[in-house]
Each structure stands twice: as C-alpha cells, then as structure tokens.
Amino acid sequence: ALPYRLHARDPMWVPPLRREVGALLDRRRNPFFDHGEAAYFLAERDGAVVGRVAAIANRLHTEVHRDRVAFFGFFEAERDPAVAEALLGAAAAWARERGFDTLRGPASFSTNDECGLLVDGFGTPNTIMMPHNPPWYEDLVTGAGFHPVKTLLVYQGGSMAGPAPVPARLTRAASLLLQREGLTLRTLDLRRFRAEVDLIKRLYNRCWEMNWGFVPMTDREIDHLATQFRPVVVPEMIPILEKDGEPVAFGLVLPDLNEMLRNNRSGRLFPAVLTLLWRLKTRRYCRSRILLLGVEPAYRGKGLDAVLYEHIWRTGHDVGITWGEAGWILEDNAAMNLALVKMGFEVYKTYRLYDRVL
C-alpha cells in the first residue's frame, strides 16, 4: 500500500493495479521463483511504514554472467536518507550473507521486469511496465553508497495531438530492404497463439543473449507473460520477419494500458477494469509502447529494425495510435540509438542502474 500513499499527489505516477503487484510478489504464482529468491523488507517508524525494498538473488543471472551480483527492487521510501540507508543496508546484508559481492538495482525482479531509477523526464507519465519515482530518489540511492553503472534511454515518437504520417523515405527503404534480403513480413496470428509464443521464446533469447545485464526468460516466464497480455494484444502491431519461412526478427508492441489506468488512483481492480476493457474493445486509446525489437545476430546491421519500425508506425497510424514509446535502450547501444534518432524519435526519459560494492 505504501506507493499509493507516497505518490498520491504526483499526477505523473500511474498507479499499478494492486492485484497485479500482489501476483508479482507471490512466490507461488510468479515463475521467477523457479530460479530466484527474494526477501522483502519494510522500514517502520512509530508503527507506520515509511519504506520498502526487496533483496533479490537470480540464479540465471549468475550462471549467464558468471558474477556475484544480487539485486534490489520495489524500492520506495519517504524523503529521509536514514530510511533509505536502513532499507538498502538490510538488502546489502542479505546479499552479502549469500556470497554476493555487488548489489545492483533497482530491478523488480530483473532486467526483464521494471528496472532502472528515473533520473530525467519527470514531467510525463510512465508507460506500461516502466517505473516512475520522485527526483530525490536518486539522492537516496547514491547517499546509501551506490554509484551509477548503466544508463537506459527511452525514446518517444509521434504526437498526442494527432497521427503523424510515416516518412516516405522510411517506407521506400523498408520495401527495398525486404526485396534485397528476400524477406517476408507477417503479423502475429492469434489463431495459432501457442505456436506463436513458442516462436517468440526461441527468438527472444537468441536476439538478446549478448546484451549487458541480459537474463534469459524461461518457458514458464514467457508463458506467464503471454497469458497476461493476450487480452490486450493488437496482432497487427506485432510484426515478424521471416527468411525462407524461418523467423529472423520481430517487434512486440502493446497499447499503453497506463493511459487507461492513470485516473485510477486507488489501484483497485473495480471499476477500473470495466473502463479498461471497454477502451480496449473500442480502441479508445492513442498511446503504445514498443517493448521489444529483436533481430537475429546474423541479420544485424542490415536495416531490419527500420522495416519493423516502418510497419509499426504505419499500422499504428491505421488503428488510431498517434504516439509511441520505444525503449529502454542501453546508452552504449550505438546502432540502435542512431537508428531511432534517424527515424525521428527523441530521448524523453532517462533511467539508471546503480551498484554498491559489498
């Protein structure tokens, strides 16, 4: 309940549904706990909760990166350095006792979930699966002995005022690339949903395996996400590129559910869910988030990302989506950042991850 009190007066904070947060934290229901563990801490003063944090160990991260990095997540606190130090100190002690030498975060629970501390771009609301926090959280974290380790950039494109036409040069380039590489583009087939999820499973882990901080998603984790998102999927907005019938790239775009939940300040399921379902069914929304855009390693550097973006932009225009968020992108992913800038996207939010040596 703490965030709903702390951020009640912040109009840019979109309250998550309490039911969804409960399911995320539930060790029996969240498949993260097949390969991870977590301890949850509350800070109290005079019987009142003034802060919270989770200390997290992720076996898959340790196996992939061969390091001893633990994580903290779900961090919320009043504006008091003593509260932050108590919470993050408890998480650090928990990690140290388990043999870790670094505490990193925030990541709730990993880079596949909400991650990063917002350090720039406080004047706009957060989109689906992206965090939001007050500006002074950075001082709380750095004051507790953490230093920046990686910056995450988030881009926006389009306009809330109305649909922007797809640049003609982008459409021409996409058409030429499809012909030159012998590729075909199709969209998600909801009639074969299970098979499509299996396809995305295979692609996801291959496309991101070399990324900094990457943690492979298990079959159960991807199945869990697919079940959650199936009711809100717009299949035309999920392009898949194939070469000789084999998938080599894909994009995953979802309507920004936060656009529809922003005024639900309590985070309660009812009656917000009724409004949500009605707006989804009638397509009364104009914001979207590009969650993923992946290209097989052998096909990188050929412009396939531009083909995917062109389709997403054009199709979004057709279904009434006028604005989109793309990200996050690692600050040192020069190719992806340059491609977005060339297509007219601009950085509008910056997040950061921090380390504390134990």
Side-chain angles (χ1 to χ4, degrees), residues 30-32 34-35 60-61 63-64 110-113 128-129 174-175 177-211 213-257 280 288-316 318-319 321 324-329 333 335-336 339:
N30 187 341
F32 167 80
D34 293 348
H35 58 84
L60 287 183
H61 183 278
E63 291 175 357
V64 169
S110 75
T111 54
N112 294 322
D113 303 290
I128 179 175
M129 292 185 71
S175 178
L177 283 165
L178 285 171
Q179 294 177 28
R180 187 182 72 196
E181 300 297 332
L183 299 169
T184 56
L185 187 149
R186 68 175 182 86
T187 57
L188 187 81
D189 186 350
L190 279 178
R191 296 168 300 179
R192 303 175 54 252
F193 187 72
R194 296 312 315 170
E196 297 285 60
V197 170
D198 288 341
L199 178 154
I200 288 173
K201 282 180 193 175
R202 298 193 303 272
L203 267 180
Y204 176 77
N205 288 332
R206 289 204 302 267
C207 290
W208 276 271
E209 63 182 351
M210 299 306 292
N211 267 21
F214 168 76
V215 180
M217 292 188 76
T218 66
D219 286 355
R220 281 226 317 136
E221 285 177 306
I222 293 178
D223 288 341
H224 182 71
L225 279 176
T227 300
Q228 285 183 303
F229 287 140
R230 181 171 183 170
V232 303
V233 160
V234 180
E236 310 96 288
M237 296 287 287
I238 303 180
I240 300 169
L241 280 172
E242 295 180 335
K243 172 76 170 180
D244 300 326
E246 288 296 316
V248 296
F250 79 104
L252 176 58
V253 184
L254 290 177
D256 179 21
L257 303 186
L280 285 170
S288 65
R289 181 182 171 210
I290 305 172
L291 278 83
L292 298 172
L293 197 82
V295 179
E296 284 265 25
Y299 288 86
R300 289 176 188 163
K302 297 177 181 291
L304 271 59
D305 50 343
V307 177
L308 295 170
Y309 275 119
E310 192 277 338
H311 173 86
I312 291 166
W313 193 334
R314 176 168 41 81
T315 306
D318 293 343
V319 301
I321 292 174
E325 177 183 284
W328 44 266
I329 311 294
N333 186 340
M336 185 63 77

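Keep in mind that what you see is a predicted model, and the values were worked out from it rather than measured.
In this structure, Thr187 and Ile238 have side chains that are not in contact, with every pair of non-hydrogen atoms separated by 4.5 Å or more. Two residues are said to be in side-chain contact when any heavy atoms from C-beta on lie closer than 4.5 Å; Ile312 and Ile290 meet this criterion. Looking at heavy atoms from C-beta onward, Phe32 lies out of side-chain contact with Val215 at the 4.5 angstrom threshold. Residues Val307 and Leu183 are not in side-chain contact: their nearest non-hydrogen atoms beyond the backbone lie 4.5 Å or more apart. In this structure, the side chains of Glu325 and Asp256 stay at 4.5 Å or more apart for every pair of heavy atoms. Within the 4.5 Å cutoff, side-chain heavy atoms of Leu257 are placed close to those of Leu280.
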Run the numbers on Glu196 and Arg186 for salt bridge (charged side-chain N to carboxylate O under 4.0 Å, His left out), then give the verdict. CA-CA 12 Å; Glu196 297 285 60; Arg186 68 175 182 86; 2.7 Å; yes
Take Leu291 and Val253, measure what side-chain contact (heavy atoms from CB on, under 4.5 Å) needs, and give me the verdict at the end. CA-CA 6 Å; Leu291 278 83; Val253 184; over 6 Å; no
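Pro247 and Ile240 make their closest contact through CB-CG2, 4.1 Å (heavy atoms, listed as atom of the first residue, atom of the second, distance). Of all non-hydrogen atoms in Pro216 and Leu60, the two that sit nearest each other are O-CD1, 3.5 Å. In this structure, Pro255 and Ile128 approach most closely via the heavy-atom pair O-CG2, 4.2 Å. When every heavy atom of Val295 is checked against every heavy atom of Arg300, the shortest pair comes out as O-NE, 2.9 Å. Summarising the geometry of Gly303 relative to Leu177, their closest heavy-atom pair is O-CD1, 3.3 Å, with the distance given to 0.1 Å. Scanning both residues, Gly294 and Leu308, for their nearest heavy atoms gives O-CD1, 4.4 Å.
Counting only distance, with no hydrogens or angles, the side chain of His311 and the backbone of Glu236 share a donor-acceptor pair below 3.5 Å. No side-chain donor-acceptor contact under 3.5 Å links Asn211 to the backbone of Phe214. Within the 3.5 Å criterion, the main-chain N or O of Val248 finds no donor-acceptor partner in the side chain of Arg206.
Considering CE of Met217 and CG of Asn205, their distance stands at 8.5 Å, rounded to 0.5 Å. For the atom pair Glu221 CD and Asn30 CG, the distance stands at 7.0 Å (nearest 0.5 Å). Atoms OG1 and NE2, on Thr111 and His61 in that order, are 7.0 Å from each other to the nearest 0.5 Å. The distance from atom CH2 of Trp208 to atom CG of Asn112, rounded to the nearest 0.5 Å, is 10.0 Å. In this structure, Arg289 CZ and Leu292 CG are separated by 8.0 Å, a value rounded to the nearest 0.5 Å. Between the CG atom of Leu199 and the CD atom of Glu242 there is a distance of 7.0 Å, given to the nearest 0.5 Å.
For the 3.5 Å distance criterion, the side chains of His35 and Glu63 fail to qualify, holding no donor opposite an acceptor.
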Under 3.5 Å, side-chain donor or acceptor atoms of residues 225-232 against the rest of the protein: list the pairs with distances, not counting sequence neighbours.
unit_1, atom_1, unit_2, atom_2, d
Thr227, OG1, Asp223, O, 2.9
Gln228, NE2, Glu20, OE1, 3.2

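The local environment of CZ in Arg191 is sparse, with at most 12 non-hydrogen atoms from other residues, nucleotides or ligands closer than 6.0 Å.
Ring centroid separation for the pair Trp313 and Tyr309 does not come in under the 6.0 Å cut-off.
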